[in-house]
Asker: 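Before I ask anything, here is the structure I am working with.
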Protein chains: 4
Amino acid sequence: MAKRSGEKHQVILEAAVKTFARTGYHRTRIADIAREAKVADGTVYIYFKNKEDVLISLFQNIMNRFVEELKTELFQCRNPDEKLDAIIGYHLNTLENKPEQAKVTQIELRQIDQTINEGISKPLLSYFQLIEEVIEEGKEQGLYRRNLNTRTARKVVFGAIDEVVTCWVMSSKPYNLADLKKPVFEMLVKGLQ
Amino acid sequence: MAKRSGEKHQVILEAAVKTFARTGYHRTRIADIAREAKVADGTVYIYFKNKEDVLISLFQNIMNRFVEELKTELFQCRNPDEKLDAIIGYHLNTLENKPEQAKVTQIELRQIDQTINEGISKPLLSYFQLIEEVIEEGKEQGLYRRNLNTRTARKVVFGAIDEVVTCWVMSSKPYNLADLKKPVFEMLVKGLQ
Amino acid sequence: MAKRSGEKHQVILEAAVKTFARTGYHRTRIADIAREAKVADGTVYIYFKNKEDVLISLFQNIMNRFVEELKTELFQCRNPDEKLDAIIGYHLNTLENKPEQAKVTQIELRQIDQTINEGISKPLLSYFQLIEEVIEEGKEQGLYRRNLNTRTARKVVFGAIDEVVTCWVMSSKPYNLADLKKPVFEMLVKGLQ
Amino acid sequence: MAKRSGEKHQVILEAAVKTFARTGYHRTRIADIAREAKVADGTVYIYFKNKEDVLISLFQNIMNRFVEELKTELFQCRNPDEKLDAIIGYHLNTLENKPEQAKVTQIELRQIDQTINEGISKPLLSYFQLIEEVIEEGKEQGLYRRNLNTRTARKVVFGAIDEVVTCWVMSSKPYNLADLKKPVFEMLVKGLQ
DNA sequence: GATGAATGAGAGTTCATTCAT
DNA sequence: AATGAATGAACTCTCATTCAT
């Protein structure tokens, strides 16, 4: 069970994003995902342990790619400010361009008992770490306050971006998420200085 | 059905906070709440439409009291900075003192399909408005940047505080939430200036 | 759950005998029992833990009554031979008169993993003990061989009766089970002497 | 489909005895047998119609060999008493030496709806016939009672031996099954006389 | 208002069986 | 002959909700 590769694995994952985004995690039945993926119900259980495993695999998939690509972005930046800008920009761009993923990330994923689930927290941690590294670097270079608590600062930074995305996902009136890049960056960078 | 008052109403609500915090929303059965409240299963349905209604009523209850008390706090402040400080302080203090409420607010509440549910967003809106009023006031008084988009700024402020609380709720190692008041305030106020 | 009294409890048990006898344990669905008992599927689970629990409760019910009634029968016998005769007679009579129970006892009950299940072996033990007491008594009175191993003798006695019943249950051509009382008694009593 | 010969046929059968004995018929999945036999799941279906067919083939295999070997044993006996002794001895010896077969024969095999299944009763019949022939011979030679009903006597004999084996299989404390040969023989032979 | 026994829809999951390779 | 991925029917059990008392 739970083969992590193979064409079907990916097909089911893609069907799951769509279905979770459309119907919501709890209202989605395995049968719905299976139908969307054009496989039999049982096939889902060849590749995933259960429904929760589908959601978590989904998230790990998304987050791994997210963090990898963000790393290459950051590689091209020359200073912490540029990096912070890149983080915010990449975060908002990515979710704006993949609204289904955004819905799953911001809403459905939080439907799982997070106190237990490390399948969610672990992939997030590498993103958190990336943010913290930028803050540390800024502190070392004297760009950001030395007395700043890095962890707390990271929470503020992530919390701000995350809330901005959540509001966008839940908003009934569509607007450009990318437009918020600059104001959010300005607030956060000043907060760090 | 769905009487909104009565002694039992309150008893059930209190039993629900405990039970949701202990077991999690989805794993909690109406029968569990009823047992904790020492009433019959059916009695729950005299006071609430259904399980979701219990959770939402709970939140409305909490938020109404939260906003009312926060308002009196703010009344005693003399300038936007003090008010922002009061908001952060009150928010963190309240949830630190009521860990069960915090668990429900930060975790369990997010288990409900938020795209539909205005029972959750409405009570939050008055809190959001309070924050926005403070920002507006700061802008008018020249304390905060004039070109600040109030709504975006509010998202950053709320997102930051909310994330700090969520991390605290989910953390396995206990620490003082109140200790984060000052650093969070400093970051946010600088971000607004 | 698993209230051991109440009208429904009995109704479901009676429906279960019929259904198991007609359809066989493994082919019987809880829904079949529920329909036969004219209750909802869920009601079965108020009174029984699961399907296996229904079968075992059934057997315990049957065996308890069986052993109780057999005891009163034995009370009226004056010597071990009469008692052995009573055991065989009562055993064969009872099952001949309750063919559904016989089917369940001889066939369906053996569909459960007996190596684990003490819900089956325990009620049987009191029957075994009754048989062993008669054999012991016979040995003490010099009626049966002193060097007879009581336990082994009991196995022979019970095995013989049990096989006779099983053959009768599985036979396609109907015949009188009671007719076998005398020949079986004669063989067994001689075997004991 | 359902080839009755070939090397794999035997390999699967041997894997099945082990697996059924270890896990129990109903809890055994075809995949378990296949893995134990080191063949693919589908291969099982080349040699057997379905899961039930595996169990029944198993039993037929066992019983055919059992009856054949028993016949040669009986051939060396000079009178019905010796033959009865041989039957009991061979029956108990065989199962004591093949505990996995014993488990399958005494427990797992009875998990199949016996009212329908002639795949089980047919191979047993030849064993029954062997027993009946010995009884008949005894009656003819005046060793056993003339008025004995052969069929009933056979049921008593087989039932006794079978129960002795079943008790041994299900017993948690190990003991020598062969030790029961003599007492069982004595009881049965006296019963017949 | 209060009760709690009864309801029954609903969905996750398993696994015997098939069949294209 | 052999494979093993894929199938999808089957069925248990849960639990929110109702309603007669």
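Because only heavy atoms are used, hydrogens play no part in the values below, and waters and symmetry mates are left out as well, while side chains stay in. Below, read A as the first sequence line, B as the second, and so on, with proteins coming before strands; counting in each chain starts at 1.
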Asker: Return the value, rounded to whole Å, for the distance between atom CD1 of Ile12(B) and atom P of dG1(E).
Answerer: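 The answer, rounded to whole Å, is 11 Å.
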Asker: Could you tell me if Lys51(C) sits above the aromatic ring of Tyr25(C), with its cationic atom closer than 6.0 Å to the ring centre and no more than 45 degrees from the axis?
Answerer: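 The answer is yes, since Lys51(C) meets both limits relative to Tyr25(C).
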Asker: Mind listing the closest non-hydrogen atom pair of Glu100(B) and Ala21(B) along with its distance?
Answerer: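 Closest approach of Glu100(B) to Ala21(B), heavy atoms only: O-CB, 3.7 Å.
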Asker: Taking the side chain as every heavy atom from C-beta outward, state whether Glu14(D) and Val11(D) have any atom pair closer than 4.5 Å.
Answerer: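 Result no, sub-4.5 Å side-chain heavy-atom pair not found.
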Asker: Ignoring backbone atoms, establish whether Tyr47(A) has a side-chain N or O less than 4.0 Å from OP1 or OP2 of dA5(F).
Answerer: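 Looking at the OP1 and OP2 atoms of dA5(F), neither is under 4.0 Å from any side-chain N or O of Tyr47(A).
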Asker: Which atom pairs link the protein and nucleotides 15-17 of chain F when you take only N or O atoms and keep those under 3.5 Å?
Answerer:
from	atom 1	to	atom 2	distance (Å)
dA16(F)	OP1	Lys51(B)	NZ	3.2
dA16(F)	OP2	Ile30(B)	N	2.8
dT17(F)	OP2	Tyr45(B)	OH	2.8
dT17(F)	OP2	Lys51(B)	N	3.3

Asker: Stems in DNA chain E: runs of 3 or more consecutive Watson-Crick or G-U pairs, distances under 3.5 Å?
Answerer: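 Stem list for DNA chain E: E:2-21 with F:2-21.
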Asker: Show the atom names and distances, to 0.1 Å, of all donor-acceptor pairs under 3.5 Å that link a side chain in residues 32-39 of chain D to residues at least two apart or in another chain.
Answerer:
from	atom 1	to	atom 2	distance (Å)
Asp32(D)	OD1	Arg29(D)	NH2	3.3
Asp32(D)	OD2	Arg29(D)	N	2.9
Asp32(D)	OD2	Arg29(D)	NE	3.3
Glu36(D)	OE1	Arg22(D)	NH2	2.8

Asker: Without swapping roles, check the side chain of Asn61(C) against the backbone of Ser57(C) for a donor-acceptor pair under 3.5 Å.
Answerer: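 Side chain of Asn61(C) to backbone of Ser57(C): no pair is present.
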Asker: How many whole angstroms separate atom CD of Glu7(C) from atom C1' of dG4(E)?
Answerer: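 From Glu7(C) CD to dG4(E) C1': 16 Å.
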Asker: May I ask you to evaluate whether Lys8(C) reaches the phosphate of dA5(E), defined as a side-chain N or O under 4.0 Å from OP1 or OP2?
Answerer: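 Checking dA5(E) against Lys8(C), no side-chain N or O comes under 4.0 Å of OP1 or OP2.
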Asker: Measure the CG-CD distance between Leu58(C) and Glu108(C) for me, rounded to the nearest 0.5 Å.
Answerer: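 These two atoms lie 10.5 Å from each other.
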Asker: Counting C-beta onward and ignoring hydrogens, is there a side-chain heavy-atom pair between Phe20(C) and Lys103(C) closer than 4.5 Å?
Answerer: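 Phe20(C) vs Lys103(C): side chains apart.
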Asker: Quickly work out the Arg35(A) CZ to dA9(F) P distance and round it to whole Å.
Answerer: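 Taking atom P of dA9(F) as the reference, CZ of Arg35(A) is at 13 Å.
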Asker: Between Ala40(A) and Val39(D), just flag the one whose closest nucleotide in DNA chain F comes earlier from the 5' side.
Answerer: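 Here Val39(D) is the residue nearer the 5' end.
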Asker: Tell me, do Asn64(A) and Glu68(A) make a side-chain contact under 4.5 Å, heavy atoms counted?
Answerer: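 Result no, sub-4.5 Å side-chain heavy-atom pair not found.
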Asker: May I have the distance from Phe48(A) (atom CZ) to dA11(E) (atom P), rounded to whole angstrom?
Answerer: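 Rounded to whole Å, this separation is 21 Å.
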